[in-house]
Amino acid sequence: MAHAAVVAEKSGIPSVVVAGPAFKKQAEVTASDQGVPSLRVAVYPGPFDLHADSELRENAVKIVVPQVIEALTKPLPQSVSAQASLKEQMVREIVFTGTIDEVNRYFSDYQWSDGMAIIPPTVERVEEFLKYTDYAPHDEIAVLPLANLRATPWNIAVNAVMAGARPEYMPILIAAVQAIGDPAFRLAVTGGSTHSFNTFYWVNGPLSRQLGIDAGQGLIEEAIESSSILIFGQRPGAAGRRPRARPAVPEQASLFG
């Protein structure tokens, strides 16, 4: 029902979804992912299919209908644009100070990283990346499902710092975000499916050679390769000469060449 309500809302028709308690959050997230951040939900108290007709009727009249009326007559929450503006004002706020280990633990605990080690995205490091783009820090580059989040040069740079990228990669990173934000890329499908999708980014032309982006043998390497270089000296394209390698984390694989 959330999908139907999203279509109605986008057509200018105010809508309310009726859902059981366990599905309220799912309906809200589904709508937010599809660009409707303030979906109104009326909660039915319990599982529909276990209630007799008389109980369904009583609950609908006494509990659900009042929620529907309230949802359609009260003002909506703060607009998304206002929330975005507030976030942009707070974006330079220092959220944590500590050692490298403490920063990594903090980011992992808040699910701001994938649990792998990161480089702390300090304001100074982020601003180094912004020198390589003509976009303003909070220009909208794309709106990306599934979380329906705005990608801006600032948060692209933050993620790039965390991943250990170099500032001069910024134009490529912005182009990559623009590419996956294109509806033809179908990120809403490939990014939230139980199917085994692999995502690749191709970088072509003189810039790929100028920046030293891997090409040729072993151009898609397993995460173990970085450890094997340190442990026993096996380097892709030297001792290891396979044309392609299998990515250790398929949904995160990137191909440059």
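Quantities reported herein were computed from a predicted structural model and do not represent experimental measurements. All values below come from the heavy atoms of this structure, side chains included, with hydrogens, waters and symmetry mates left out.
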Check your understanding: Which heavy atom of G181 sits nearest a heavy atom of A142, and at what distance?
Key -> CA-CB, 4.1 Å
Exercise for review: Flag yes if L211 and V177 sit in one hydrophobic cluster, no otherwise; membership is Ile, Leu, Val, Met, Phe, Trp, Tyr, and two members link when side-chain heavy atoms are under 4.5 Å apart.
Suggested key: yes
Could you list the donor-acceptor pairs under 3.5 angstrom formed between side-chain atoms of residues 64-76 and any protein atom two or more places apart in sequence or on another chain?
from : atom 1 : to  : atom 2 : distance (Å)
Q67  : OE1    : V43 : N      : 2.9
Q67  : NE2    : V43 : O      : 2.8
Q67  : NE2    : I63 : O      : 3.1
T73  : OG1    : I69 : O      : 2.7
T73  : OG1    : E70 : O      : 3.3

Point to revise | Rounded distance [0.5 Å steps], CD1 in I180 versus CG in L144 | key: 5.0 Å
Point to revise | Within-4.5 Å side-chain heavy-atom neighbours: R105 and D101 | key: no
Check your understanding: What pair of heavy atoms forms the shortest contact from P14 to G12, and how long is it?
Key -> CD-O, 3.5 Å
Exercise for review: Flag the pair E9 and R40 as a salt bridge only when some basic side-chain nitrogen lies within less than 4.0 angstrom of an acidic carboxylate oxygen.
Suggested key: yes
Review point. Got a sec: does the CZ of F185 have more than 12 other heavy atoms crowding it under 6.0 Å?
Key: yes
Point to revise | Residues forming a ring pair (Phe, Tyr, Trp, His ring centres under 6.0 Å) with F96, sequence neighbours excluded | key: Y106
Review point. Does the side chain of T152 come within less than 4.5 Å of P137's, by heavy atoms?
Key: no
Practice item. Report yes if the side chains of T133 and I174 come closer than 4.5 Å at any heavy-atom pair, otherwise no. Key: yes
Check your understanding: Do you know the tightest heavy-atom contact between R150 and H138?
Key -> NH2-O, 3.1 Å
**Study point:** L173 side chain reached by Y132 side chain, heavy atoms, under 4.5 Å
**Key:** no
Exercise for review: Look at the rings of Y44 and F48 and say which category their plane angle falls in: under 30° parallel, 30 to 60° tilted, over 60° perpendicular.
Suggested key: parallel
Practice item. May I ask you to check whether over 12 heavy atoms, not counting those of D134, lie within 6.0 Å of atom CG? Key: no
**Study point:** Salt-bridge criterion met for E28 and K24 (N-O under 4.0 Å)
**Key:** yes
Check your understanding: In terms of hydrophobic clusters joined by side-chain contacts under 4.5 Å, are F129 and V123 together?
Key -> yes
Practice item. Please answer: with hydrophobic residues joined when any side-chain heavy atoms are less than 4.5 Å apart, are I118 and Y110 in the same cluster? Key: yes
Point to revise | All ring pair (Phe, Tyr, Trp, His ring centres under 6.0 Å) counterparts of Y169, not counting sequence neighbours | key: none
Review point. Rounded to the nearest 0.5 Å, what separation is found between the CZ atom of R166 and the CD1 atom of I172?
Key: 11.5 Å
**Study point:** Atom of A27, atom of L39 and distance for their closest heavy-atom approach
**Key:** O-CD2, 3.5 Å
**Study point:** Side-chain touch M170/P153, heavy atoms, less than 4.5 angstrom
**Key:** yes
Point to revise | Point-to-point distance, once rounded to the nearest 0.5 Å, from CG of N104 to CE of M116 | key: 10.5 Å
Review point. Hey, is NZ on K25 packed in by over 12 heavy atoms from elsewhere, all under 6.0 Å?
Key: no
Review point. Distance-only, no hydrogens or angles: does the E58 side chain make a donor-acceptor pair with backbone N or O of E55 under 3.5 Å?
Key: no
Check your understanding: Can you tell me how far the CZ atom of R125 sits from the CG atom of L130, to the nearest 0.5 Å?
Key -> 14.5 Å
Exercise for review: Have a look at V161 and tell me which of T122, I119, I156 forms a side-chain contact (heavy atoms from CB on, under 4.5 Å) with it.
Suggested key: I119
Point to revise | Pair W112-V95, side chain to side chain contact (heavy atoms under 4.5 Å, CB included): steps then yes or no | key: CA-CA 12 Å; W112 293 348; V95 298; 3.8 Å; yes
Review point. What pair of heavy atoms forms the shortest contact from S113 to M162, and how long is it?
Key: CB-CE, 4.2 Å
Point to revise | Donor-acceptor under 3.5 Å (N159 side chain, N155 main chain) | key: yes
